[in-house]
Amino acid sequence: MTPTPSPVHPWAVSPALARQIQSELAHEVIREDRLDPVRRVAGADIGFEAGGRVTRAAVVVLDYPGLDVCERLLLRRPTRFPYIPGLLSFREVPALLEALDGLHTPPDLILCDGQGLAHPRRFGLACHLGVLSGIPTIGVAKSRLIGRHIEPGPARGDWAPLYDGDEIIGAALRTRARTRPLFVSIGHRISLTTAIGYVLACAPRYRLPETTRAAHRLASEEKAGEGGMGGAQRNPSRRG
DNA sequence: GCGACAG
DNA sequence: ATCTTGTCGC
């Protein structure tokens, strides 16, 4: 496959310009299935330390469909953008892109911690990471940013469309009985129904996908790589 | 003006 | 997200 990533844009921008950049890049999101056969799935997440002054980007690659860990990479960068609802990608994507570049085994698909199309300008974190990296992505959020939905059925796999007006922007997906649904949306190069299938396949036991769990674990791990910023680790132990 | 508001 | 103890439930 030949990804065609867009040239990077500035990150140190005002909220108003950030929104403008999102609206422009939103045109580049591909909402159809254009992904290679999936052999490796990655989870990407961010954690903080030093009272939030330091951002920790974690990416964990798992084989698919086995879901065993292949590679873990963690790096630290100074936090440069505040959390503003709707502008999360400007806070997290820069470090995540660097982490992706450092991977020894690039993934065929990335499950992101946050929304994709289910965003005011249809350009959530998953879309941003997907468009700039060229890698297919899915937005998997634990809570809702925008949109309305009815309660999905009670069984694992049941889901209800997430609407913004009459437009379907994502799905409220039950990955486990008796637990709150996740919010799944297109990130890049994948359709919503295909995305739902991968999220279910990656979450065989718990509410959150194994990819997300592994990335979150690494991002918030206590003793995270000694030798200063840029520290990376690979070939971890795979315990469940 | 009053809420809502991914992580 | 992060600060933090116990607690209810499988």
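Here is the naming used below: chain letters follow the sequence lines, and residue numbers restart at 1 for every chain. Note that these values count all heavy atoms, side chains included, but never hydrogens, waters or copies made by symmetry.
- In terms of phosphate contacts, A/K142 brings a side-chain nitrogen or oxygen within less than 4.0 Å of OP1 or OP2 of B/dG7.
- Using a 5.5 Å limit on the distance between ring centres and a 30° limit on the angle between planes, the aromatic ring of A/F183 does not count as stacked on the six-membered base ring of B/dA6.
- In this structure, the CG atom of A/L208 is 10 Å from the P atom of B/dG7, given to the nearest Å.
- Remark: the A/S191 side chain and the A/D33 side chain contain an N/O donor-acceptor pair separated by less than 3.5 Å.
- Between the side chain of A/T137 and the backbone N or O of A/I110 there is no donor-acceptor pair closer than 3.5 Å.
- In this structure, A/G139 reaches neither bases nor backbone, as no heavy-atom distance under 4.0 Å exists between it and the strands shown.
- Atom pair A/R53:CZ and C/dC3:P shows a separation of 13 Å (rounding to whole Å applied).
- Although no hydrogens or angles enter the test, the distance criterion places a donor-acceptor pair under 3.5 Å between the side chain of A/H188 and the main chain of A/I30.
- Aromatic ring pairs are classed by plane angle as parallel below 30°, tilted from 30° to 60° and perpendicular above 60°; the pair A/H149 and A/F183 is perpendicular.
- Just one of A/R76, A/R56, A/R77 meets the salt bridge (charged side-chain N to carboxylate O under 4.0 Å, His left out) condition when paired with A/E98; it is A/R77.
- The CD atom of A/Q115 sits 7 Å away from the P atom of B/dG7 (whole-angstrom rounding).
- In this structure, CZ of A/R91 is placed 15 Å from C1' of B/dC5, rounded to the nearest angstrom.
- Base contact: A/L87 has a heavy atom under 4.0 Å from a base atom.
- Distance, A/L162 CG to B/dC5 P: 12 Å, rounded to whole Å.
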Kindly express the pairing pattern of DNA chain C in dot-bracket notation, using | wherever a base pairs with another strand and counting only Watson-Crick or G-U pairs under 3.5 Å.
..........

Apply salt bridge (charged side-chain N to carboxylate O under 4.0 Å, His left out) to the pair A/D45 and A/R217, showing each step before the final yes or no.
CA-CA 9 Å; A/D45 193 22; A/R217 197 176 309 141; over 6 Å; no

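- When rounded to the nearest whole Å, the span between CG of A/L125 and C1' of C/dA1 equals 13 Å.
- Note that the CG atom of A/L35 and the OH atom of A/Y198 stand 5.0 Å from one another [nearest 0.5 Å].
- Using a 4.0 Å cut-off, no side-chain N or O of A/S220 falls inside it from OP1 or OP2 of C/dT2.
- Within the structure, every side-chain polar atom (N or O) of A/R144 is placed at least 4.0 Å from both OP1 and OP2 of B/dA6.
- Taking atom CD of A/Q22 as the reference point, atom P of B/dC5 lies 18 Å away to the nearest angstrom.
- Between A/Y83 atom OH and C/dA1 atom P the separation is 11 Å, expressed in whole Å.
- At least one side-chain nitrogen or oxygen of A/H216 sits closer than 4.0 Å to the OP1 or OP2 atom of C/dA1.
- As judged by a 4.0 angstrom heavy-atom cut-off over every strand, A/F48 is placed among residues touching the sugar-phosphate backbone only.
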